[in-house]
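To start, the structure itself, in structure tokens.
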There are 2 protein chains.
Amino acid sequence: MKTANIEKTLHEKGITPTMQRRIIAQTLFSMGKHVGASELYSIVRQKNPGIGFATVYRTLQLLKENGLVEQRDFGDGKKRYERRDETHHDHLVCINCGKVEEFDVPVIERLQEEVAREKGFNMVDHRLELYGYCKKCREEKE
Amino acid sequence: MKTANIEKTLHEKGITPTMQRRIIAQTLFSMGKHVGASELYSIVRQKNPGIGFATVYRTLQLLKENGLVEQRDFGDGKKRYERRDETHHDHLVCINCGKVEEFDVPVIERLQEEVAREKGFNMVDHRLELYGYCKKCREEKE
DNA sequence: CTGGCCATTGATAATGATTCTCATTATTTA
DNA sequence: TAAATAATGAGAATCATTATCAATGGCCAG
Ligand SMILES: [Zn+2]
Ligand SMILES: [Zn+2]
Ligand SMILES: [Zn+2]
Ligand SMILES: [Zn+2]
């Protein structure tokens with residue numbers, strides 16, 4: 001994402017644009033998907049060693065609250081962050097190498113809605129992750 | 001679960017039956033579903049104040065490894081445990097009161113398999129949780 | 001019996017990700 | 001520009017879970 005766009009995005013959301021927030025957002029958006037906080041922190045530090053860990057967490061929280069970032073949890077004890085996409089997607093995770101694929105199956109989404117309705121719930125979120133071994137890892141095990 | 005059955009179950013799995021393990025397993029099985037470790041610990045302590053927290057964790061791990069217990073994670077920072085059921089199920093969680101409903105939709109299960117196959121993954125597990133507000137919580141908010 | 005071996009246990013320290021605190025700075029407001 | 005407000009960095013605190021380690025308890029070879 002271009003710097004100018006980050007500036008604009010933060011401004012649109014009413015987020016005070018500070019140097020730290022710019023760097024953190026820009027770094028996250030340039031790192032691809034499913035990035036952990038400590039991973040992000042170490043890259044951010046390379047650009048500006050003065051930025052603290054707490055600020056990375058605070059900024060991630062802020063971006064999440066403003067709908068710019070999605071928080072994921074693949075069950076390995078640390079949260080992952082990715083830029084919020086226009087389209088929803090779920091995840092397929094390799095339990096050997098950590099590779100993550102994304103997918104979206106509208107039929108599954110609809111069936112989830114239906115289940116929630118049947119049970120009297122007003123569904124506001126869901127979480128669907130498939131865990132297994134990717135092709136590469138299977139071939140290497142042979 | 002009856003005491004005799006626990007004894008038998010542990011024995012079948014080759015788990016050395018100790019007093020602690022019997023009490024922990026029996027307590028968990030009698031507490032219903034989706035129980036947290038500390039919650040379990042506090043009930044276990046009532047039966048035998050000498051049992052330590054570490055033993056509760058160790059036993060849960062043991063029961064899980066032997067397929068007697070399933071570990072769940074509803075994203076609130078603590079793991080939940082429930083006796084492993086003969087049939088698979090997924091969860092619907094109220095984000096206000098914590099109520100948990102279970103469901104199983106064979107079509108969703110099949111579609112998951114299909115996605116994994118398409119992406120070249122050998123799926124060994126999955127996780128599907130729906131989050132929302134249950135009927136009761138919605139009515140109370142009015 | 002009976003001393004030794006090995007699994008289990010309980011108390012407590014350690015871990016690791018995340019959050020909190022608070023004194024210091026930066027930004028906004030008037 | 002000065003006061004008011006918000007953000008930051010360093011490090012302490014939290015909280016669930018694991019690891020450590022000395023003590024305990026069976027169980028078996030002799
Ligand atoms: Zn892989
Ligand atoms: Zn993703
Ligand atoms: Zn509810
Ligand atoms: Zn369940």
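Numbers restart at 1 for each chain; the letters A, B, ... are given by sequence-line order, proteins then strands.
Residues passing the side chain to side chain contact (heavy atoms under 4.5 Å, CB included) test with A/Glu39 are A/Met31, A/Val35, sequence neighbours excluded.
Going from atom OH of A/Tyr57 over to atom P of D/dG9 covers 15 Å, rounded to whole Å. Atoms CD (B/Gln61) and P (D/dT18) sit 7 Å apart, rounded to a whole Å. Between the C1' atom of D/dA16 and the NZ atom of A/Lys78 lies a distance of 17 Å, rounded to the nearest Å. Rounded to a whole Å, the OH atom of B/Tyr41 is 15 Å from the C1' atom of D/dT18.
Taken from CD in B/Glu109 to CG in B/Leu128, the straight-line distance is 7.5 Å, to the nearest 0.5 Å.
Within 4.0 Å of A/Arg21, counting heavy atoms only, lie sugar-phosphate atoms of the nucleic acid but no base atom. Residue B/Gly50 is in sugar-phosphate contact alone, with no base atom involved, counting any heavy-atom pair closer than 4.0 Å across all strands shown.
Salt bridge annotation for B/Arg127-B/Glu129: present, with a cationic side-chain nitrogen under 4.0 angstrom from a carboxylate oxygen. At a threshold of 4.0 Å, the pair B/Lys136-B/Glu140 counts as salt-bridged, since one of the basic side-chain nitrogens sits closer than that to a carboxylate oxygen.
If B/Arg58 and A/Met19 are placed on DNA chain C by their nearest nucleotide, the residue sitting closer to the 5' end is B/Arg58. Nearest-nucleotide assignment on DNA chain D puts the 5′-proximal partner with A/Thr18, out of A/Thr18 and B/Gln71.
Of all nucleotides in DNA chain C having an atom under 4.0 Å from a heavy atom of chain B, the first and last in 5' to 3' order are C/dT8 to C/dA11.
Among residue pairs with one or both ends in residues 71-100 of chain A, those qualifying as ring-ring contact (aromatic ring centres under 6.0 Å, His included) are A/His34-A/Phe74, A/His34-A/His91, A/Phe74-A/His91, A/His88-A/His126, A/His89-A/His91; sequence neighbours excluded.
Taking 4.0 angstrom as the limit, A/Thr55 places a side-chain polar atom (N or O) nearer than this to OP1 or OP2 of D/dG9.
Other residues, nucleotides and ligands place no more than 12 heavy atoms under 6.0 Å from the NZ atom of A/Lys135.
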